[in-house]
Amino acid sequence: MKKLLTGSAIALALTASGAFAEDISACLVTKTDTNPFFVKMKEGASAQAEALGIKLNTYAGKLDGDVETQIAAVESCIAGGAKGILITPSDSRALAPVVTQAREAGLLVIALDTPFEPTDTADATFATDNFLAGELIGQWAAAKMGDTSKAKIALLDLNPSEVSVDYLRDNGFLQGFGVDIKDPKDIGDEDDERIVGNDVTNGNEEGGRTAMENLLQKDSGVNVVYTINEPAAAGAYEALKSMGLESQALIVSVDGGCPGVQNVKDGVIGATSMQFPLLMASKGIEAIKAYADTGVKPMNSEGLDFFNTGVELVTDQPVEGIPSITSEEALGKCWG
């Protein structure tokens with residue numbers, strides 16, 4: 001028996017924002033509506049929906065990790081007769097049942113940025129190769145440091161749920177830096193003495209600052225800082241700066257948003273891996289339109305279990321053997 005939709009889901013269906021069109025409707029469900037990454041994703045989806053004559057309803061969690069709001073949003077999309085859903089899951093496991101319900105109801109479900117677990121919970125995933133994104137900044141940090149035996153590494157992750165995007169970037173960074181990773185789907189199980197510790201940020205600046213302060217209390221000599229995203233990196237920098245340690249540590253991150261790229265230019269972040277959320281979202285809307293018209297579902301990139309939307313290393317301190325672009329180049333293409 002299919003689960004009845006909740007009252008909150010019906011209310012959401014009535015209040016969701018969107019541009020009106022007649023025949024096809026789609027939904028975008030992001031983790032938050034404050035992170036610039038998801039703001040750009042919404043821009044991409046909205047523009048493409050308007051161009052293709054699709055009614056787009058958009059929803060967002062109150063903060064990263066707000067599973068209940070995302071569940072209610074998916075239920076609203078089912079109740080509203082949407083043809084497809086684009087979603088960045090706050091918890092790639094907890095959302096699986098409602099996503100399965102949506103697919104059983106005939107909706108095309110595409111994960112953006114964060115894969116579900118297992119990946120085939122959704123019909124398709126449009127995302128960065130998040131492990132590669134982490135690996136690139138890890139390789140860069142190791143090359144810049146030279147003698148990595150002196151490293152004292154702080155890892156600023158997303159949240160305690162350890163969703164796929166979180167462990168992929170974290171472990172990608174560690175592998176790139178030369179740390180022996182244990183369980184590739186776990187965070188913090190390494191026994192490398194160079195690791196000072198892990199803390200969570202909720203992907204925002206305040207969380208990044210608090211996490212960095214916590215890890216500096218463990219070891220004030222931290223000289224390499226990995227961050228899940230650029231807002232967390234900005235917070236980490238502020239924590240270091242408040243202690244007069246801003247020149248002590250290499251900070252690396254993932255996202256490639258315009259504010260983050262500016263922080264590379266300003267020397268706050270040493271290197272970041274650029275993603276393309278606008279492209280993820282616009283391609284997702286195209287896929288929903290194609291599915292509505294033909295019933296055909298999108299295909300994965302060759303050799304991968306997702307559609308790869310690309311990644312580029314951004315730094316003004318390039319190292320031999322690691323392709324990169326400058327912050328100036330990146331500012332011209334950030335989050336396209």
Side-chain angles (χ1 to χ4, degrees), residues 31-32 34-40 63-64 113 128 130 133-142 144-145 151-159 165-174 176-177 187 195-216 222-275 277 311-317 324-327 330-331 334-335:
K31 295 178 184 179
T32 74
T34 55
N35 187 318
F37 183 85
F38 301 119
V39 172
K40 182 60 69 172
L63 48 81
D64 205 317
D113 181 53
T128 306
N130 281 296
E135 192 171 27
L136 286 170
I137 56 175
Q139 291 171 343
W140 179 87
K144 285 301 295 179
M145 176 162 272
K152 292 186 176 183
I153 307 168
L155 296 139
L156 276 58
D157 299 303
L158 185 57
N159 60 43
V165 69
D166 205 4
Y167 65 67
L168 286 168
R169 293 181 187 180
D170 179 293
N171 285 318
F173 165 79
L174 290 173
F177 195 81
I187 289 175
I195 297 175
V196 172
N198 297 69
D199 207 337
V200 297
T201 66
N202 288 318
N204 60 50
E205 187 167 339
E206 181 181 356
R209 181 174 183 135
T210 300
M212 190 73 257
E213 289 170 347
N214 292 341
L215 292 172
L216 285 169
V222 167
N223 54 17
V224 178
V225 181
Y226 155 84
T227 61
I228 179 68
N229 64 9
E230 290 154 1
Y237 177 82
E238 288 303 317
L240 287 160
K241 186 177 179 181
S242 70
M243 299 178 66
L245 301 175
E246 67 270 25
S247 62
Q248 172 177 287
L250 287 171
I251 301 177
V252 295
S253 197
V254 177
D255 266 354
C258 297
V261 171
Q262 185 63 47
N263 274 343
V264 171
K265 187 172 184 178
D266 294 342
V268 172
I269 299 172
T272 192
S273 286
M274 176 178 280
Q275 305 187 89
V311 62
E312 291 195 64
L313 183 69
V314 179
T315 183
D316 289 332
Q317 304 171 60
S324 63
I325 61 174
T326 66
S327 63
L331 285 170
C334 44
W335 280 354

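The analysis underlying the following values was restricted to heavy atoms, covering all of them including side chains, and did not include hydrogens, waters or symmetry mates.
- Between V261 and A330, the closest heavy-atom pair is CG1-CB, 3.6 Å.
- Atoms CD and CD1, on E230 and I269 in that order, are 5.0 Å from each other to the nearest 0.5 Å.
- A donor-acceptor pair is defined here as one N or O able to donate and one able to accept, closer than 3.5 Å; such a pair exists between the side chain of W140 and the backbone of Q317.
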**OP:** Before giving the answer on side-chain hydrogen bond (donor to acceptor under 3.5 Å, both in side chains), spell out for S253 and T272 the whole-Å C-alpha distance, their side-chain angles and the decisive distance to 0.1 Å.
**Re:** CA-CA 5 Å; S253 197; T272 192; 4.5 Å; no
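- With rounding to the nearest 0.5 angstrom, the CD atom of Q139 is 12.0 Å from the OG atom of S324.
- Side chain of T315 to main chain of A271: no donor-acceptor pair is present (N/O by atom type, distance under 3.5 Å, no hydrogens or angles).
- Between the CD1 atom in I228 and the CG atom in N202 there is a gap of 11.5 Å [rounded to 0.5 Å].
- The shortest heavy-atom contact between A141 and V224 is CB-CG1, 4.5 Å.
- With rounding to the nearest 0.5 Å, the separation of CZ in F173 from OG1 in T227 is 9.5 Å.
- Considering every non-hydrogen atom in both G176 and A142, the closest pair reads O-CB, 4.3 Å.
- The two atoms that bring A239 and L216 nearest to each other are O-CD1, 4.3 Å, heavy atoms only.
- Put simply, the side chain of N223 gets close to the backbone of K152: a donor and an acceptor are under 3.5 Å apart.
- Applying the salt bridge (charged side-chain N to carboxylate O under 4.0 Å, His left out) definition to pairs two or more places apart or across chains, those involving residues 240-268 are R169-D255, K265-E328.
- At a threshold of 4.0 Å, the pair R209-E205 does not count as salt-bridged, since none of the basic side-chain nitrogens sits closer than that to a carboxylate oxygen.
- Here OG1 of T326 is found 11.5 Å from CG of L313. Values are rounded to the nearest 0.5 Å.
- Counting only heavy atoms from C-beta outward, the side chains of K144 and V252 never approach each other to under 4.5 Å.
- In this structure, OG1 on T32 lies 9.0 Å from CG on N204, to the nearest 0.5 angstrom.
- Side-chain contact between Y226 and D157: present, with at least one pair of heavy atoms (C-beta onward) separated by less than 4.5 Å.
- You'll find the side chain of L158 reaches within 4.5 Å of the side chain of D64, heavy atoms only.
- No more than 12 heavy atoms of other residues, nucleotides or ligands shown are found within 6.0 angstrom of CD on E206.
- The closest side-chain heavy-atom distance from L156 to L215 is below 4.5 Å.
- In this structure, the side chains of K31 and V165 come closer than 4.5 Å at one or more pairs of heavy atoms.
- V264 and D316 make their closest contact through O-OD2, 4.0 Å (heavy atoms, listed as atom of the first residue, atom of the second, distance).
- Panel note: side chain D170, backbone D166; no donor-acceptor pair is recorded below 3.5 Å.
- Proximity of N130 to Q275: side-chain heavy atoms (C-beta onward) are separated by under 4.5 Å at one or more points.
- Remark: of the listed residues V200, I195, I187, I195 is the sole one forming a side chain to side chain contact (heavy atoms under 4.5 Å, CB included) with L155.
- Between N35 and N229, some side-chain heavy-atom pair lies under the 4.5 Å cut-off.
- Under the 4.5 Å side-chain criterion, counting only non-hydrogen atoms from C-beta, I251 is in contact with L240.
- Across C334 and G256, no two heavy atoms sit closer than the pair CB-O, 3.4 Å.
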